[in-house]
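Read the numbers this way: they start at 1 and go in the same order the structure lists the ligands and their atoms. Residue numbers count from 1 along this sequence.
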Amino acid sequence: MAGRLDLDGNPIKPMKICMIGAGGFIGSHLCEKLMSETDHEVVAVDVYNDKIRHLLEPSGHHPWSSRISFHRLNIKHDPRLEGLIKSSDLTINLAAICTPADYNTRPLDTIYSNFIDALPVVKYCSENQKRLIHFSTCEVYGKTIGSFLPKDHPLRQFTDERRFLNQEPEFYVLKEDASPCIFGSIEKQRWSYACAKQLIERLIYAESAENGLDFTIVRPFNWIGPRMDFIPGIDGPSEGVPRVLACFSNNLLRREPLQLVDGGQSQRTFVYIKDAIEAVLLMIDNPARANGHIFNVGNPNNEVTVRQLGEMMTEVYSKVSGEPSLEVPTIDVSSKEFYGEGYDDSDKRIPDMTIINKQLGWNPKTSLWDLLESTLTYQHRTYAEAIKRAIAKPFAS
Ligand code: NAD
Ligand code: UDP
């Protein structure tokens, strides 16, 4: 750890990092990385700490015990926030409502969480001249330009009902400094999240332009891995709907068919959390290269339709659990049935990697198969017994 150098060969000085949302999926992996591979100190802020409890053992238990502290606070209304930001060198804001099932059913909470609650964080960083790494989303790109071409347009050629042939990248590859943000109509409340994230990005950008805020904005493209979200009825509400990795994991663990929303034709690129965390560490350690930039962080080589993801997860889970797959492994469900009124979808998300390559030399490494194998091994080891007990319970007495 001592003697770590930045990308320009300069020694990296230990920093004090205020990490808001440290108890979530990305925060837990980032805390692990910072504790095991750096000398940086983490002031972890969240309302929950279950996912980082293993790092917070009593003082002296881990070599890093003196470098991490947990502060249980809700950034909506806690006067301690400003002091924590002021006393740190860098603030990383991960706090958000970021599960699509909430965007159309709890649009007010979604907008408040992603815009209003993030405002004081930006303000305190700007006023106190503190650096900010803010987590936005690839969803700010919304839908691709290509999805709006008329049905009979010559450029709109499909391999099947909705998928593009990969021959006109300018109609779908998403570039930080060139692609527009294309959302659906206001009744499509799915876009409340993307719109709130876009406005906070614009605010941060304006704070930089007018008041000199040092910022980096991260746009994650479907980061997945262990500890993502929750398994309904086990470590989250039975009626809760997490993101697709946890939904499909839950179905596989319970031996239920995976539900493909609107036929599972939407496309996503998935990146392994451990690869993505490497990119964030490069941003932390290289402020001169990261400040003032917006970075796509994803894996353009791991593109699949949601249907293909479901098929691959079914195959991988059968391998890691030793259980045969169901005869009918997937079923189709309409988005209205699954998410309710106001849902809409991004059709395709391929990150352009030019900027992150140029500034930080980062590239993702892990294939979709490999990342699913390690993630589903974790899901099986963590949840299979608890699910069996939960399924057996009603008949126990
Ligand atoms: P997550 O839900 O696991 O983590 C968010 C954490 O923030 C949670 O632990 C939550 O308790 C905390 N939090 C929320 N509101 C808070 C508040 N008011 N006060 C204190 N803590 C609060 O989500 P994640 O996947 O780790 O995502 C982190 C960030 O990255 C979010 O901003 C999200 O929008 C963005 N993002 C993630 C992905 C992805 O692929 N995982 C994709 C796009 C964007
Ligand atoms: N999805 C699905 N079945 C599920 C959960 C999600 O078909 O059980 C689809 C969803 O409609 C979307 C994609 O999977 O097209 C990815 O959803 P996720 O919740 O991970 O978030 P997003 O990538 O849309 O932000």
Side-chain angles (χ1 to χ4, degrees), residues 19-30 44-52 71-78 81 92-103 109-110 112-114 116-118 120-121 133-140 142 190 193-194 196-197 200 217-225 227-230 232 236 241-252 256-273 276-277 280 296-298 304-307 309-310 313 330-335 338-339 343-349:
M19 195 190 301
I20 305 167
F25 163 57
I26 295 175
S28 72
H29 287 273
L30 187 53
V45 173
D46 206 304
V47 281
Y48 303 113
N49 68 7
D50 313 31
K51 295 182 184 185
I52 52 169
H71 303 257
R72 192 180 301 277
L73 61 94
N74 188 331
I75 61 163
K76 267 183 199 302
H77 43 62
D78 199 305
L81 182 64
I92 301 180
N93 189 8
L94 295 146
I97 288 178
C98 52
T99 34
D102 292 316
Y103 308 162
D109 288 341
T110 301
Y112 270 76
S113 169
N114 284 283
I116 306 285
D117 300 347
V121 178
I133 298 183
H134 184 83
F135 272 71
S136 181
T137 172
C138 62
E139 200 160 317
V140 295
R190 155 68 188 245
Y193 168 74
K197 286 283 202 197
I200 198 77
I217 288 171
V218 186
R219 290 182 179 166
F221 279 66
N222 293 80
W223 300 8
I224 60 174
R227 294 198 292 270
M228 185 168 195
D229 298 338
F230 57 91
V241 180
R243 286 169 283 189
V244 68
L245 174 81
C247 283
F248 285 178
S249 299
N250 184 38
N251 298 143
L252 291 164
E256 295 164 349
L258 315 191
Q259 300 192 59
L260 302 177
V261 172
D262 292 337
Q265 290 304 310
S266 297
Q267 291 168 288
R268 296 287 188 271
T269 48
F270 292 93
V271 65
Y272 192 34
I273 182 71
I277 289 294
V280 182
N296 287 343
V297 180
V304 278
T305 62
V306 173
R307 176 178 290 278
L309 174 75
M313 283 181 66
T330 59
I331 50 165
D332 287 358
V333 57
S334 74
S335 52
F338 193 83
Y339 288 112
Y343 182 76
D344 199 357
D345 209 350
S346 297
D347 52 308
K348 185 174 177 82
R349 291 180 181 160

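Within 4.0 Å of ligand 2, contacts by protein heavy atoms are made from Pro100, Glu139, Arg190, Asn222, Arg243, Val244, Cys247, Phe248, Gln259, Leu260, Val261, Ser266, Arg268, Val306, Phe338, Tyr339, Tyr343, Asp345, Arg349.
Atom OH of Tyr112 sits in a sparse spot, with 12 or fewer heavy atoms from other residues, nucleotides or ligands closer than 6.0 Å.
Without hydrogens or angle criteria, Lys51 side chain to Asp229 main chain gives a donor-acceptor distance under 3.5 Å. Side chain of Asp345 to backbone of Asp347: no donor-acceptor contact under 3.5 angstrom is found. For the pair Ser113 (side chain) and Ile97 (backbone), a donor-acceptor distance under 3.5 Å is present.
Exactly one of Arg243, Arg190, Arg268 qualifies for a salt bridge (charged side-chain N to carboxylate O under 4.0 Å, His left out) with Glu139. That residue is Arg190.
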Let me see the working for Asp262 and Arg307 under salt bridge (charged side-chain N to carboxylate O under 4.0 Å, His left out), right down to the final yes or no. CA-CA 10 Å; Asp262 292 337; Arg307 176 178 290 278; over 6 Å; no

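Classification of the Trp223-Phe135 ring pair by plane angle, with boundaries at 30° and 60°, yields perpendicular.
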As a test of reading the model: which N/O atoms of the protein lie under 3.5 Å from N/O atoms of ligand 1, and at what distance?
unit_1	atom_1	unit_2	atom_2	d
ligand 1	3 (O)	Phe25	N	2.8
ligand 1	9 (O)	Gly24	N	3.1
ligand 1	9 (O)	Asp46	OD1	3.3
ligand 1	9 (O)	Asp46	OD2	2.7
ligand 1	11 (O)	Asp46	OD1	2.6
ligand 1	18 (N)	Asn74	OD1	2.8
ligand 1	19 (N)	Ile75	N	3.0
ligand 1	25 (O)	Arg243	NH1	3.2
ligand 1	25 (O)	Arg243	NH2	2.8
ligand 1	26 (O)	Phe25	N	3.4
ligand 1	26 (O)	Ile26	N	2.9
ligand 1	32 (O)	Leu94	O	3.1
ligand 1	32 (O)	Lys197	NZ	2.9
ligand 1	34 (O)	Tyr193	OH	2.7
ligand 1	34 (O)	Lys197	NZ	3.0
ligand 1	40 (O)	Trp223	N	2.8
ligand 1	40 (O)	Trp223	O	3.4
ligand 1	41 (N)	Arg243	NH1	3.2

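Judged as a ring-ring contact (aromatic ring centres under 6.0 Å, His included), and not counting sequence neighbours, Phe248 has no contacts. Take Tyr339 and apply the ring-ring contact (aromatic ring centres under 6.0 Å, His included) test, not counting sequence neighbours, and it matches Tyr343.
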